[in-house]
Amino acid sequence: MKSFSNSQEGVNVGRGFINGSLAGVVTGLLMVGINHLTAVFAFEGSLLQSLATFAVGGALFGILSGLLMSVLMGRLPFGIFGTSVMISVAVWTSLRTVGVALAGSNPFRFHSDISQTIQGFGFAILLGCVLAAIWKMGEEKAA
Amino acid sequence: MDEKVVKQDAVKHKAVLVNSLVVTGLIFATLFSVVVVTYGLDTVIAGAHDTFHDFRHSIGMACH
């Protein structure tokens, strides 16, 4: 990713990808514990399966947020934390809104749960915070 | 000298274009994966629904 280094016009894709995937994995694994505490949803798979799938799922969300962060960082009038949380919440909210629309059109296949929705919103905020923390650590290390 | 500057500008513009295309492609590819996982689209990738079922419920996405 050397050709995509930071510049006035360029975007640091590698940084967004790596920071996002790391943040996503951490957040995904934290969600396993958080869900056990809240008992919002009873896991149907084993703990090992949950750890693996949450890590992968969290990484995907994190990579998307990280890539968007690498594009939008510095272009929005917010700091690192503000930008990161806004991006992850916006991504989650967009997907959730489409889920509501799908539930309206096909209530058998898609149905909503308020407690899970609230936990999901918390997931989005947590992902934003973890991504911002990792991003800030990276900046401090580079400086 | 002017020709050299013009060539350097052209190379720079090409690099920026490639950079933008790669970033856009990565974002769309990731968005596609996120959508498949979020909605459990078995029709797109077999097994996506069952594999990420617990994850999907835990992050508040609608599911049956």
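By the side chain to side chain contact (heavy atoms under 4.5 Å, CB included) test, A/Val85 is found to be paired with A/Val89, A/Cys129, residues two or more places apart in sequence or in another chain being considered.
Nearest approach of A/Phe43 to B/Ser58, heavy atoms of both residues: CE2-OG, 3.3 Å. For the pair A/Phe41 and B/Asp54, the tightest heavy-atom approach, listed with the atom from each and the gap, is CE2-OD1, 3.3 Å. Smallest separation of non-hydrogen atoms from A/Leu60 and B/Val34: O-CG2, 3.6 Å.
Under the 4.5 Å side-chain criterion, counting only non-hydrogen atoms from C-beta, B/Thr30 is in contact with A/Leu67. Taking 4.5 Å as the limit, some side-chain heavy atom of B/Ile27 sits within range of a side-chain heavy atom of A/Val71. Side-chain contact check for A/Val56 versus B/Phe55: every heavy-atom pair is 4.5 Å or farther apart. Counting heavy atoms from C-beta on, the side chains of B/Leu26 and A/Ile63 never come closer than 4.5 Å.
B/Leu41 and A/Trp92 fall within a single hydrophobic cluster, where Ile, Leu, Val, Met, Phe, Trp and Tyr are joined by side-chain heavy atoms under 4.5 Å apart, directly or via other members. Residue A/Met137 is not grouped with residue A/Ile18 when hydrophobic side chains (ILVMFWY) are merged at heavy-atom distances under 4.5 angstrom, including chains of intermediate members.
Both the backbone and the side chain of A/Thr117 come within contact range of chain B, each with at least one heavy atom under 4.5 Å from a heavy atom of that chain. For A/Leu102, the part lying under 4.5 angstrom from a heavy atom of chain B is the side chain only.
Here CD1 of A/Ile34 is found 13.0 Å from CD1 of B/Ile59. Values are rounded to the nearest 0.5 Å. If you take OG on A/Ser115 and NE2 on B/His57, they are separated by 11.0 Å, rounding to the nearest 0.5 Å.
Residue pairs meeting the side chain to side chain donor-acceptor pair (under 3.5 Å) criterion with at least one partner in residues 125-136 of chain A, sequence neighbours excluded, do not occur; the list is empty.
The environment of A/Ile114 atom CD1 is sparse: at most 12 non-hydrogen atoms of other residues, nucleotides or ligands sit within 6.0 angstrom.
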Checklist entry - side chain to side chain contact (heavy atoms under 4.5 Å, CB included) between A/Thr53 and B/Val37: does it pass, once the steps are laid out? => result CA-CA 10 Å; A/Thr53 53; B/Val37 165; over 6 Å; no
